[in-house]
Amino acid sequence: MCTVCGCGGDGATISHPQGHESGHAHGTGGAHVHTHADGTTHSHAHGDPHGHAHAHPHDHPQGHDHGRHGHTHPHGHAHPHDHAPHDHAPHDGGGTLDYGQGPARAHAPGLSQARMVEIETGILAKNDAYADANRARLDAGGILALNLLSGPGAGKTTLLVETLKTIAGRLPCAVVEGDQQTDNDAARIRAVGVPAVQINTGKGCHLDAHMVGRALDKLPLPQGGLLFIENVGNLVCPAAFDLGEAARVTLISVAEGDDKPLKYPDIFEGAELVLITKADLAPYVDADLAALERNIARVNPKAEILRVSARGEVGLSRWIGWLERRRATRLEALAAAAEARARTLRAAAGVMRPVPPAGAADGAGAVREAQR
């Protein structure tokens with residue numbers, strides 16, 4: 001639905017990594033509220049540079065009059081007629097009213113499927129442009145950015161806190177937190193010594209790439225490290241928006257029901273990894289983990305699935321191992337791309353020559369010195 005209504009960032013607030021609250025004109029530490037042309041509001045200390053005045057466009061449809069058009073009845077005959085704007089009837093599946101039929105896979109009163117697709121295409125194209133800019137910036141720093149998705153209460157923040165404690169001193173990290181209100185989750189992250197920026201979306205039900213770009217402006221980015229983006233707890237809307245991440249990680253707790261992947265497939269379809277959280281509680285909530293894993297695989301056969309628990313390092317070991325491997329793979333891919341670009345530039349300059357193996361230059365120099 002967000003891709004139709006464009007409910008993204010109007011009214012969003014973004015905190016500082018040190019935790020200055022937005023919403024107060026001159027709070028502790030000299031924080032100052034600043035509202036951009038796009039409606040995004042954030043606080044900053046006096047003297048904080050923020051010369052980014054780019055606008056974040058939104059499409060807000062004001063309704064659509066179908067006017068005079070041909071209407072096809074179930075019996076197959078069609079005829080034109082005049083009528084007021086109306087809602088097309090949902091597909092009737094034997095007692096189920098399915099509004100997910102049609103090209104838009106959604107419904108909005110007064111909008112045709114064609115108009116909904118048009119609006120969605122425009123909104124996502126604008127978001128994708130911001131996402132591409134975020135991705136280029138993160139790639140330049142060798143940063144593995146992960147978009148963490150789940151419904152409310154799946155344990156994203158608790159998992160993050162325990163993960164950051166476990167890898168402290170081993171991997172540089174930073175966090176972007178997304179919620180509709182409060183600075184609670186970012187405060188929990190900062191308490192373990194990791195910089196975190198809180199994005200409050202107001203009535204928005206997901207983060208978008210423009211919000212995340214603003215957050216990156218405020219964070220000390222972890223060069224060669226990990227950036228965790230904890231999205232708003234929502235099993236629907238966040239799935240549609242690319243934030244510039246390298247991978248998506250979807251979380252589902254053992255208490256949520258083994259049929260959740262079938263009910264909310266979009267949030268699982270795009271995941272590279274699915275974490276089944278609170279695995280230690282499975283015996284107490286009658287969780288059928290085998291059924292849950294089958295349903296995840298049914299929706300997304302390519303996703304890796306891990307059972308994790310935030311209680312103790314043992315429950316996190318497979319997840320930590322995945323993070324380390326995924327970061328190494330990412331850095332290798334970025335290095336290979338940089339080397340390929342360097343070869344292309346050398347060739348263009350007409351100085352292309354084989355790169356000697358490590359140590360070969362020193363050996364050749366010694367031989368030349370000995371021959372003098």
Side-chain angles (χ1 to χ4, degrees), residues 1-2 90-102 105-107 146-163 166 178 185 205-207 228-242 245-326 329:
M1 184 62 184
C2 294
H91 181 264
D92 189 343
T96 299
L97 298 178
D98 189 351
Y99 286 92
Q101 300 295 315
R105 294 182 58 212
H107 169 267
L146 301 175
N147 185 1
L148 305 184
L149 307 165
S150 81
K156 294 191 300 298
T157 309
T158 298
L159 181 79
L160 261 183
V161 166
E162 297 306 316
T163 297
T166 302
D185 288 353
C205 48
H206 60 87
L207 296 179
F228 297 99
I229 305 170
E230 183 180 340
N231 219 311
V232 178
N234 182 347
L235 284 173
V236 182
C237 305
F241 289 82
D242 181 6
E245 71 270 14
R248 293 186 174 189
V249 179
T250 296
L251 288 72
I252 179 170
S253 75
V254 296
E256 293 181 66
D258 57 60
D259 60 349
K260 276 294 188 296
L262 306 181
K263 291 181 175 180
Y264 302 92
D266 288 0
I267 208 81
F268 292 91
E269 284 177 349
E272 182 174 318
L273 174 69
V274 177
L275 297 178
I276 300 176
T277 61
K278 307 181 184 181
D280 53 303
L281 298 181
Y284 306 102
V285 294
D286 296 325
D288 188 341
L289 297 186
L292 175 57
E293 291 180 347
R294 285 196 302 271
N295 288 335
I296 294 169
R298 179 176 167 184
V299 171
N300 183 352
K302 296 181 179 179
E304 187 173 352
I305 304 171
L306 298 179
R307 302 179 187 182
V308 298
S309 168
R311 295 195 174 191
E313 189 170 349
V314 173
L316 295 173
S317 58
R318 296 179 67 195
W319 158 238
I320 299 297
W322 185 90
L323 286 174
E324 292 174 336
R325 292 190 303 273
R326 188 63 176 79
T329 300

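Treat the numbers as computed from the prediction; the structure is a model and nothing was measured. For reference, positions follow the sequence shown, starting with 1.
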Spacing of CG belonging to Leu316 relative to CG belonging to Leu306, to within rounding of 0.5 Å: 11.0 Å

My understanding is that only residues two or more places apart in sequence, or in another chain, count here; which of them pass side-chain hydrogen bond (donor to acceptor under 3.5 Å, both in side chains) with Asn234? none

Side-chain contact, heavy-atom cut-off 4.5 Å: Glu272 with Trp322? yes

Interatomic distance, CG@Asn231 vs CD1@Ile267, rounded to 0.5 Å, equals 7.5 Å

For residues 273-293, pull every pair meeting side chain to side chain donor-acceptor pair (under 3.5 Å), keeping only residues two or more places apart or in separate chains. Asp280-Ser309, Glu293-Arg307

Asp266 side chain near Val236 side chain, heavy-atom distance below 4.5 Å: no

Residues in salt bridge (Lys or Arg N to Asp or Glu O under 4.0 Å) contact with Glu304, at least two apart in sequence or another chain: none

To the nearest 0.5 Å, how far apart are CG in Asn147 and CD1 in Ile229? 5.5 Å

Does Asn300 reach the side chain of Thr250, with side-chain heavy atoms less than 4.5 Å apart? no

Holding to salt bridge (Lys or Arg N to Asp or Glu O under 4.0 Å), I want the full list of residues that pass it with Glu256, two or more places apart in sequence or in another chain. none

Could you grab the distance from atom CD1 of Ile276 to atom CG of Leu251, nearest 0.5 Å is fine? 10.5 Å

Can you classify the ring geometry of Trp319 versus Phe228 as parallel (below 30°), tilted (30 to 60°) or perpendicular (above 60°)? tilted

Distance from Leu235 atom CG to Cys205 atom SG, nearest 0.5 Å? 12.0 Å

Could you tell me the separation between the NZ atom of Lys260 and the CG atom of Leu262, rounded to the nearest 0.5 Å? 10.5 Å

Listing request: all salt bridge (Lys or Arg N to Asp or Glu O under 4.0 Å) pairs with a residue in residues 233-242, at least two apart in sequence or in separate chains. Arg135-Asp242

Do Leu207 and Phe241 have side chains that get closer than 4.5 Å, going by heavy atoms? no

Closest non-hydrogen atom pair, Ala271 against Ala303: O-CB, 3.6 Å

Is any side-chain heavy atom of Thr163 closer than 4.5 Å to a side-chain heavy atom of Ile320? yes

Do you know the tightest heavy-atom contact between Leu149 and Pro238? CD2-CB, 3.7 Å

Decide yes or no on side chain to side chain donor-acceptor pair (under 3.5 Å) for Asp259 and Asn295, but give the supporting numbers first. CA-CA 7 Å; Asp259 60 349; Asn295 288 335; over 6 Å; no

Would a 4.5 Å heavy-atom cut-off, applied to side chains only, mark Pro261 and Leu292 as touching? yes

Only distances under 3.5 Å count here; give the side-chain donor-acceptor pairs of residues 150-160 to other protein atoms, sequence neighbours excluded, each with its distance to 0.1 Å.
unit_1: Ser150; atom_1: OG; unit_2: Lys156; atom_2: NZ; d: 2.9
unit_1: Thr157; atom_1: OG1; unit_2: Asp185; atom_2: OD2; d: 3.1
unit_1: Thr157; atom_1: OG1; unit_2: Glu230; atom_2: OE1; d: 3.0
unit_1: Thr157; atom_1: OG1; unit_2: Glu230; atom_2: OE2; d: 2.6
unit_1: Thr158; atom_1: OG1; unit_2: Arg188; atom_2: NH2; d: 3.1

Where Cys237 and His206 come nearest, the two heavy atoms and their spacing: CB-CD2, 3.9 Å

